[in-house]
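A quick write-up on the structure given underneath.
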Amino acid sequence: MSADPVTIIGGGPAGSAAAIGLARAGSEVHLVERQRAIGDAICGGFLSWRTLQQLEALGIDSDALGGQRVTRLALFAGDRVAHSRLPHAAMGVSRHRLDTLMLDRAAACGARIQLGVKVRGIGDDGQVDCGEAGMLRANALILASGKHELPGARRTMPEAIADDPVLGLRVRADPSAGFAALVGDGIELHLFDRGYAGIVRQEDGGGNICMAVRKSLLTQAGGSPAALLAMLGAANPQLGERLAHVADLSATDAIAAVPYGFIAQSTEPGRLRVGDQAAVIPSLAGEGIGIALASARDAVAALLRGGAGAASDYQGDFARRAALPMRVAGAAWRAAESPGLARLGIGAARWFPALPRLIARTTRIV
Ligand SMILES: Cc1cc2nc3c(=O)[nH]c(=O)nc-3n(C[C@H](O)[C@H](O)[C@H](O)COP(=O)(O)OP(=O)(O)OC[C@H]3O[C@@H](n4cnc5c(N)ncnc54)[C@H](O)[C@@H]3O)c2cc1C
């Protein structure tokens, strides 16, 4: 049995950011990640200007990320389109690239990183069961397993999404001059009944087409993601034009039951929830990674200030900090997935381009 001062479960942006922060401050930190090799998580891959600043503070600059610069927001609903400039330049980058750079940085700062170790359970006594990899005992535990529940530390989900859960789907468009001409330096949000698709170009020039849709929409398409994409492309011609650059619509990655709106208001002694374990903002805000980095920063500061005993204060403070961006993003998401409200919203955005900019600003976490 090893006794690590801080154990981090999960090597996504939240876990890696916490590992970088703690290791840089000289703490002994051990991160376990269940994947053997760093994958490419289902994510829009949009890094907001605030997220880029936070990455810079962790020692990862935009040049190293090498993604596509994003300066415009384009909103589509039916035959309506609205364009506006983002408050500041953002970036499109794959999660494989981001997660690799962040874990490398954590290791370079002195964190112990173990891939291929899945946490099977957490005991009341703080012991962490890592299956064949053995037991760990931690003074403080950072829960950074994203959407995945940890046995012994499950979250209670909001009831609002339980009746028609949200699914995440992702396909890739091949890099081509035609696709670049369509999307350019924009982040596009295509809004439709019970869902949206976010499209951005990434480091290789190809497109990440990531959707959040209600399960009932997939059921309507016979349960097949490829049939759903074909149905959406036919009903929304501008989206269809972009989907035409996807070589194989059946090569769809999917995740189930994304708990939009969840905020951890409290926590158990010695356990600090970060990233999606702390708050799950509707993804059309493009701020989930921002929340991951901001919560990790605050958790690190709390641990350095007050040790494991600071867990409860940290969780309550972060829930309050996240409340406004979550509320605004929740309202925007509900409007976006209702065709009438989406069309109205796009009409308003055409007359007042400052409106989407204001929403973009108020959905950032500070
Ligand atoms: C459809 C969709 C689109 C999105 N688009 C964007 C976007 O464009 N921009 C943005 O900022 N955010 C976006 N998000 C949100 C963003 O992806 C998440 O908020 C972010 O990934 C949270 O980071 P995390 O580190 O908390 O969790 P994750 O990134 O999920 O990382 C968790 C890690 O923990 C590991 N893990 C899980 N269980 C265990 C275990 N038992 N033992 C060990 N390891 C474990 C996992 O393998 C994983 O590597 C999107 C989300 C969705 C669903």
Side-chain angles (χ1 to χ4, degrees), residues 7-19 31-52 54-55 67 70 90-96 98-100 102-103 113-122 128-131 133 136 142-153 166-170 187-189 195-200 202 208-213 253-260 262 264 273-296 299 329 333 363-365:
T7 294
I8 300 175
I9 305 173
S16 300
L31 182 153
V32 291
E33 162 58 48
R34 65 178 190 164
Q35 297 185 96
R36 287 182 191 285
I38 299 165
D40 194 15
I42 296 180
C43 178
F46 170 81
L47 304 185
S48 76
W49 54 98
R50 285 283 306 136
T51 300
L52 292 173
Q54 293 186 76
L55 285 167
V70 178
M91 187 177 275
V93 74
S94 73
R95 281 295 299 275
H96 178 72
L98 176 68
D99 292 7
T100 303
M102 291 193 71
L103 276 172
I113 309 288
Q114 246 187 315
L115 298 182
V117 175
K118 180 174 179 177
V119 169
R120 315 258 166 200
I122 301 171
V128 180
D129 176 2
C130 297
L136 294 172
I142 294 191
L143 309 182
S145 59
K147 292 152 202 69
H148 308 275
E149 297 304 338
L150 292 165
V166 178
L167 316 175
L169 301 174
R170 192 254 317 273
I187 167 76
E188 296 189 346
L189 297 179
Y196 84 94
I199 305 182
V200 74
Q202 299 190 323
N208 189 48
I209 304 182
C210 202
M211 308 190 175
V213 300
D253 304 311
I255 40 166
V258 184
Y260 285 160
F262 165 78
R273 294 181 187 270
V274 295
D276 280 0
Q277 284 284 313
V280 184
I281 193 165
S283 51
L284 90 172
E287 190 60 357
I289 298 167
I291 286 199
L293 304 187
S295 56
W333 165 52
T363 47
R364 295 316 108 188
I365 185 104

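Note that this is a predicted model, so its numbers are computed, not measured. Counting starts at 1 for both ligands and their atoms, in listed order.
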For ligand 1, which atoms, with element, lie under 4.0 Å from some heavy atom of R95?
17 (O), 20 (C), 21 (O), 29 (O)
Note the single closest protein heavy atom to atom 19 (O) of ligand 1, along with its residue, its atom name and the distance in Å.
D276 OD1, 2.8 Å
If the test is side chain to side chain contact (heavy atoms under 4.5 Å, CB included), which one of L103, I142, L115 qualifies with L31?
L103
With heavy atoms of I9 as the reference, note each atom of ligand 1 found under 4.0 Å away.
42 (N), 43 (C)
Check each atom of ligand 1 against the heavy atoms of I289 and keep those under 4.0 Å away; list them by number with element.
10 (C), 11 (O), 12 (N)
Does a side-chain heavy-atom distance below 4.5 Å link D99 with E33?
no
Using a 4.0 Å heavy-atom cut-off, say whether A144 meets ligand 1 through its side chain, its backbone, both or neither.
backbone
Contact between M211 and ligand 1, counting heavy atoms under 4.0 Å?
yes
Donor-acceptor under 3.5 Å (E287 side chain, I365 main chain):
yes
With heavy atoms under 4.0 Å as the rule, classify the contact between S145 and ligand 1 as side chain, backbone, both or neither.
both
Could you list the atoms of ligand 1 found under 4.0 angstrom from a heavy atom of G146?
26 (O), 27 (O), 30 (O), 32 (C)
Out of P13, G12, G275, indicate the one that has the non-hydrogen atom closest to atom 23 (O) of ligand 1.
P13
Can you find a non-hydrogen atom of G198 under 4.0 Å from ligand 1?
no
When you look for heavy atoms under 4.0 Å from ligand 1, do you find them on the side chain of L150, its backbone, both, or neither?
side chain
Compute the minimum heavy-atom distance from A41 to ligand 1 and say whether it is under 4.0 Å.
no
In ligand 1, the atoms that come under 4.0 Å of a heavy atom of K118 are 41 (N), 42 (N)
Indicate yes or no: does R120 engage D129 in a salt bridge with an N to O separation below 4.0 Å.
no
R170 side chain to A41 main-chain N or O, any donor-acceptor pair under 3.5 Å?
yes
Determine, using heavy atoms of V117 and all atoms of ligand 1, whether some pair is separated by less than 4.0 Å.
yes
heavy-atom search around atom 49 (O) of ligand 1 in the protein gives E33 OE1, 2.7 Å
How does R34 reach ligand 1, by side chain, by backbone, by both or by neither, if only non-hydrogen atoms under 4.0 Å count?
both
